[in-house]
Amino acid sequence: MAEVAAAAVRAAVEEFIHAFDTLEWERFRRCFAPDATVFFPFDFYPRRADGKAEVEAGFKRFFDEVRAKTSGPPYLGLAPRDVTVRIWGDIALVTFHLERVTGVPGMGRRTLLLEREAGDWRIVHLHASNIAAPGA
């Protein structure tokens, strides 16, 4: 049973990463719970986004900026590394490093908290931070 839950969580995270990398807005926004919160790594959004409307506003701006200056898809070249999944009932914690193959060099650190509701895993919190590449 634990392997089935872990596989479902990994599939939800892969869906999120793919939708983000290809900037598929509707697919991307379905990855989040209605009451989701996000700590963005964006300078233009320095506080926590509370609720789906604020989360979407922050990501929508980012999506628009990326589309305006990058050809794609894929737009971001996201490559998750060192993915760990821990599950407690209907709650899952996922952490990973996010190497960017294209765009600004460096590495991101991501923490996702997901909740299972009606059999679907949705992101209830995302914490994102970026580290500049050495010498960048």
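These numbers come from a predicted model, not from an experiment.
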Can you name the side chain to side chain donor-acceptor pair (under 3.5 Å) partners of T22, sequence neighbours left out? E24
Taking side chain to side chain donor-acceptor pair (under 3.5 Å) as the definition, give me every residue that meets it alongside R48, ordered by chain and number, with sequence neighbours left out. D50
Classify the ring geometry of F20 against F28: parallel below 30°, tilted from 30° to 60°, perpendicular beyond 60°. tilted
Taking salt bridge (charged side-chain N to carboxylate O under 4.0 Å, His left out) as the cut-off, I'd like each qualifying pair that reaches into residues 5-17, sequence neighbours left out, listed once. E15-R27
Using the side chain to side chain contact (heavy atoms under 4.5 Å, CB included) criterion, which residues pair with A128? Sequence neighbours excluded. P41, R110, L126
Results of salt bridge (Lys or Arg N to Asp or Glu O under 4.0 Å) for R29 - residues two or more places apart only: E26, E56
Only counting residues at least two apart or in another chain, list the ones meeting salt bridge (Lys or Arg N to Asp or Glu O under 4.0 Å) with R122. D120
Checking E117 now: which residues fulfil salt bridge (Lys or Arg N to Asp or Glu O under 4.0 Å) with it, not counting sequence neighbours? none
Applied to residues 33-44, the side chain to side chain donor-acceptor pair (under 3.5 Å) test, sequence neighbours excluded, yields T37-H125
Under the side chain to side chain donor-acceptor pair (under 3.5 Å) test, residues paired with H127 that sit two or more places apart: none
Counterpart residues, ring pair (Phe, Tyr, Trp, His ring centres under 6.0 Å), relative to Y45 (two or more places apart): F40
Between F42 and F62, what is the ring plane arrangement, given parallel below 30°, perpendicular above 60°, and tilted in between? parallel
With a 3.5 Å cut-off and sequence neighbours excluded, list the donor-acceptor pairs that the side chains of residues 83-91 form with protein atoms.
| unit_1 | atom_1 | unit_2 | atom_2 | d |
| --- | --- | --- | --- | --- |
| T84 | OG1 | T95 | OG1 | 2.5 |
| D90 | OD1 | R116 | NE | 2.9 |
| D90 | OD1 | R116 | NH2 | 2.9 |

Check salt bridge (Lys or Arg N to Asp or Glu O under 4.0 Å) between K52 and all other residues, then give those that pass, not counting sequence neighbours. none
